[in-house]
Novice: 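Take this structure first; my questions come after.
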There are 2 protein chains.
Amino acid sequence: MTTASTPTWPGAFGAEPRRKRRALSRELIVETALKIVDTEGLDALNMRRVAQELGTGAASLYAHVANKDELLALLLDRVYGDLGHPEPDPDRWREQAKEFLRQQRDNLVSHGDLARAAMIQNIPTSPGGLDAAETMLALLRAGGLPEQVCAYAVDVISLYVVATALEESSRKKPGGQTDERQVEAYIGGVRSFFSSLPAERYPLIVAMAGALTRNVGDERFEFGLDLLFDGLVAQAGRTFD
Amino acid sequence: MTTASTPTWPGAFGAEPRRKRRALSRELIVETALKIVDTEGLDALNMRRVAQELGTGAASLYAHVANKDELLALLLDRVYGDLGHPEPDPDRWREQAKEFLRQQRDNLVSHGDLARAAMIQNIPTSPGGLDAAETMLALLRAGGLPEQVCAYAVDVISLYVVATALEESSRKKPGGQTDERQVEAYIGGVRSFFSSLPAERYPLIVAMAGALTRNVGDERFEFGLDLLFDGLVAQAGRTFD
DNA sequence: GCAGTGAGCGAACAGCGTTCGTTGCTACGA
DNA sequence: TCGTAGCAACGAACGCTGTTCGCTCACTGC
C-alpha cells in the first residue's frame with residue numbers, strides 16, 4: 001500500500017535519540033538511504049546499512065518499504081520530484097527544454113551514482129518520473145513537433161540525460177564532493193590507456209585519444225543536447241503510417 | 001593475464017563426458033555463461049550455475065577467470081567481436097554506419113538482457129569493444145565530420161544502441177525466442193497504465209499513450225538513428241576551443 | 001618409474017535480501 | 001484506572017551470492 005499510516009512522533013524532535021522504539025517512516029527511510037548513496041555510493045546501500053543508520057534492524061524497514069527495489073524507486077522518485085516545471089513558451093521551448101534537462105542531470109549527479117539505478121528502470125511509473133515526462137512532452141509539443149516525433153524523442157532524450165549522468169558519476173569516487181583533481185586523474189588514465197593501444201589496430205583511437213577524453217566543463221553534455229535537438233527538428237517533417 | 005595457456009583436450013570431442021578431470025578453459029566458461037544468459041537471462045548467471053553446467057564446482061572457474069566482472073567483460077567482448085567491420089566508403093558512410101549499428105543492436109538483443117551488463121561498462125577496454133569503436137570512428141571520419149564531433153558522437157551513438165537493446169530485451173521474458181505475443185502483452189500493459197493515469201495531472205501522457213507505446217517493427221530504433229545522424233550533420237560546423 | 005606442479009574441488013566465509021515468530025509499546029474502551 | 005487488542009519493531013534465521021582456502025591427485029618432464 002502506498003498510504004503509510006501517519007507516524008507518531010512522541011516528544012520533542014530528537015529529544016530521546018536512544019529510546020527503544022524509534023518512529024520509522026517511509027520518508028525517514030528514504031532520507032537515510034539517500035544520504036548513504038550520497039556519501040558512500042549505490043553499492044554501499046543495503047537494507048542492513050540503512051537500518052543501522054536508524055539504530056534498528058533490517059527487518060523493521062519492511063513494514064514501510066516492500067523491498068529494496070521499491071526503496072530504489074522511491075529514491076529516484078524523490079530525486080525526480082525536485083525538478084522545477086516551466087510553463088512552455090513556444091518562443092523559448094528549446095532553451096527551456098535544455099535547461100530542464102540540465103537540471104535533471106545535475107540532480108542525478110548530485111546523488112552519487114544513483115543514475116545507475118535510473119538506468120535500469122527504463123519506463124517511468126512513479127509520480128516524479130511521470131511529472132518529468134509530462135513536462136518534457138509539453139515542451140516538445142510547444143515546439144510544434146508532431147505527436148509521434150515527441151513520443152519517440154522523449155524517450156531518447158531522457159535516456160541521454162540519465163546515461164550522461166551515469167558516466168559523469170562514474171568519474172568520481174563515492175566520496176562525494178566534486179574533487180577536480182580526482183576527475184582529472186580518471187580522465188588522464190583513460191587517455192593514456194587509449195594512447196598506449198597498438199596504433200596498427202586502433203589508429204583512430206590512438207590518434208584521437210585527446211579528443212575522445214576531452215572534458216571541458218559541460219561541453220560534452222551540451223554538445224549532445226544540441227545534437228539531439230537539431231536532429232529532432234530535422235525529423236519534424238517525418239510522417240508515420 | 002589475457003593469454004590463457006592452451007587448453008588440453010584429451011581424446012575425441014565429447015568422447016568422455018564424465019572423466020574425473022574436465023579440461024576447463026576461458027573459452028569454454030565464456031561459452032557456457034553465454035548459453036545461460038541466452039536461455040535464462042542475466043540474473044540467472046552466477047558462478048555456481050556456470051560450474052554446475054560444466055559438471056564442476058564454482059571454485060574451479062577462478063583458475064581461468066579472475067572474477068565475475070571479468071567474466072561479464074569477456075561475454076561482452078565475445079558479443080562485440082561478432083561484428084563485421086565494413087570498409088568506409090565516403091559516399092555511403094551514413095548507411096554503412098546505420099547498418100553497423102543495427103548489427104550491433106541485433107547481436108546484443110540476441111543474447112537475452114546482456115545489454116544490461118554493457119550499460120554499466122561505459123568505456124570500452126576490451127578488444128571487441130575497441131574494434132567496434134574504431135570502426136565507428138572510421139565511418140564518422142569518412143563522413144568528413146570534424147575530429148571533436150566524431151569523438152563526442154561515437155559516445156552518444158553507442159550509448160543509444162546499448163540502451164535501445166536493453167529496452168528491447170526488457171520486453172521479453174528470459175525464455176528466449178521473440179514471442180510476439182509476449183512483447184505485445186507487455187506493450188499493451190504499459191499503454192493501459194498510461195491511459196489509466198489521472199488526465200488532470202498527466203494530460204499529454206494520457207492523450208499520447210498510443211504514440212508513446214507504439215511498437216511497429218524497428219521504426220522506433222530507426223527513428224533514433226536518423227535523429228542522431230541528422231543532428232550529427234547539423235553539428236558538423238561546430239567549432240571547439 | 002618418479003617427483004613436482006598446478007588445476008580441480010569441497011568446504012567454508014562474509015555479505016546480501018528477505019521472512020518468521022515474538023516482543024513490548026501505545027492507544028483505546030470499559 | 002486498568003486491561004487489552006493491534007501492530008510496529010526486532011533478533012534470528014534462511015537461502016542465496018561471490019570469493020578464498022587448503023587439500024588432492026592426474027598429468028608432465030625428467
Side-chain angles (χ1 to χ4, degrees), chain A residues 1-11 15-30 32-33 36-37 40-75 116-117 120 174, chain B residues 1 3-11 15-30 32-33 36-37 40-75 116-117 120:
Chain A
M1 296 300 115
T2 51
T3 56
S5 59
T6 28
T8 58
W9 195 265
E16 293 283 329
R18 56 189 66 228
R19 60 186 307 113
K20 283 235 183 90
R21 294 294 165 123
R22 305 283 302 263
L24 292 182
S25 72
R26 268 168 101 91
E27 290 73 29
L28 194 54
I29 291 170
V30 169
T32 307
I36 293 173
V37 173
E40 305 175 45
L42 196 62
D43 283 333
L45 180 71
N46 60 61
M47 305 305 271
R48 281 179 232 268
R49 184 76 186 71
V50 175
Q52 173 195 321
E53 204 74 16
L54 291 167
T56 179
S60 305
L61 306 180
Y62 286 84
H64 305 272
V65 168
N67 50 36
K68 193 185 180 183
D69 280 346
E70 184 177 295
L71 177 56
L72 285 176
L74 289 172
L75 286 179
R116 222 172 60 209
I120 306 300
Chain B
M1 297 298 114
T3 56
S5 58
T6 28
T8 58
W9 195 266
E16 293 283 332
R18 59 188 66 231
R19 60 187 307 114
K20 283 236 184 88
R21 294 293 167 119
R22 308 280 305 262
L24 291 181
S25 72
R26 270 169 100 90
E27 290 73 28
L28 194 54
I29 290 171
V30 169
T32 307
I36 293 173
V37 172
E40 305 174 47
L42 196 61
D43 283 333
L45 180 71
N46 59 60
M47 304 306 270
R48 282 178 232 270
R49 185 74 186 74
V50 175
Q52 173 194 323
E53 203 74 16
L54 290 167
T56 179
S60 304
L61 306 179
Y62 286 85
H64 305 273
V65 168
N67 50 37
K68 193 185 179 184
D69 279 346
E70 184 177 294
L71 177 56
L72 285 176
L74 288 171
L75 286 179
R116 222 172 60 208
I120 306 300

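Predicted model only: the values in this text are computed from it and were never measured. Chain identifiers are assigned alphabetically (A, B, ...) following the order of the sequence lines, protein sequences preceding nucleic acid strands; residue numbering begins at 1 within each chain. In what follows, every heavy atom counts, from backbone to side chain, and hydrogens, waters and symmetry copies are set aside.
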Novice: Without decimals, in angstroms, what is the distance between B:Leu71 CG and D:dT17 C1'?
Specialist: 15 Å
Novice: How many angstroms lie between atom CG of A:Leu61 and atom CG of A:Leu54, to the nearest 0.5 angstrom?
Specialist: 6.5 Å
Novice: Does B:Ser60 place a side-chain N or O at less than 4.0 Å from the phosphate oxygens OP1/OP2 of C:dA7?
Specialist: no
Novice: Roughly how many Å is it from NE2 in B:His64 to C1' in C:dG8, rounded to a whole number?
Specialist: 8 Å
Novice: In degrees rounded to 10°, what angle is found between the helical axes fit to the five outermost pairs at each end of the helix from C:dG1-D:dC30 to C:dA30-D:dT1?
Specialist: 10°
Novice: Taking all atoms of both residues into account, what is the closest heavy-atom pair of A:Glu70 and A:Val65, and its distance?
Specialist: OE2-CA, 3.8 Å
Novice: Please report the shortest heavy-atom distance between A:Ala44 and A:Ile36, naming the atom on each side.
Specialist: O-CG2, 4.0 Å
Novice: To the nearest Å, how far apart are B:Leu61 CG and D:dT17 P?
Specialist: 13 Å
Novice: Protein-nucleotides 18-21 of chain C N/O pairs closer than 3.5 Å?
Specialist:
| from | atom 1 | to | atom 2 | distance (Å) |
| --- | --- | --- | --- | --- |
| C:dT18 | OP2 | A:Tyr62 | OH | 2.9 |
| C:dT18 | OP2 | A:Lys68 | N | 2.8 |

Novice: What pair of heavy atoms forms the shortest contact from A:Ala51 to A:Ala58, and how long is it?
Specialist: CB-N, 3.4 Å
Novice: Using whole Å, what does the distance between atom C1' of nucleotide C:dG10 and atom CD of B:Gln52 come to?
Specialist: 16 Å
Novice: In whole Å, I'd like the distance from the CG atom of B:Leu54 to the C1' atom of C:dA7.
Specialist: 14 Å
Novice: Taking side-chain hydrogen bond (donor to acceptor under 3.5 Å, both in side chains) as the definition, give me every residue that meets it alongside B:Thr32, ordered by chain and number, with sequence neighbours left out.
Specialist: none
Novice: Tell me: CG of A:Asn46 to C1' of C:dA14, nearest whole Å?
Specialist: 12 Å
Novice: What is the distance from CD1 of B:Ile29 to C1' of C:dA7, rounded to the nearest Å?
Specialist: 11 Å
Novice: At their closest point, which heavy atom of B:Leu45 faces which heavy atom of B:Lys68, and how far apart are they?
Specialist: O-NZ, 3.0 Å
Novice: For B:Asn46, check side chain to side chain contact (heavy atoms under 4.5 Å, CB included) against everything at least two apart and list the hits.
Specialist: B:Arg48, B:Arg49
Novice: How many whole angstroms separate atom CZ of B:Arg26 from atom P of C:dG8?
Specialist: 14 Å
Novice: Taking only residues two or more places apart in sequence, or in another chain, which ones meet A:Ala117 in a side chain to side chain contact (heavy atoms under 4.5 Å, CB included)?
Specialist: A:Leu42, A:Leu72, A:Leu76, A:Leu114
Novice: Salt bridge (charged side-chain N to carboxylate O under 4.0 Å, His left out) with B:Asp43: which residues, sequence neighbours excluded?
Specialist: B:Arg116
Novice: Can you tell me which nucleotide in C:dA7, C:dG17, C:dC9 comes closest to the side chain of B:Thr56?
Specialist: C:dC9
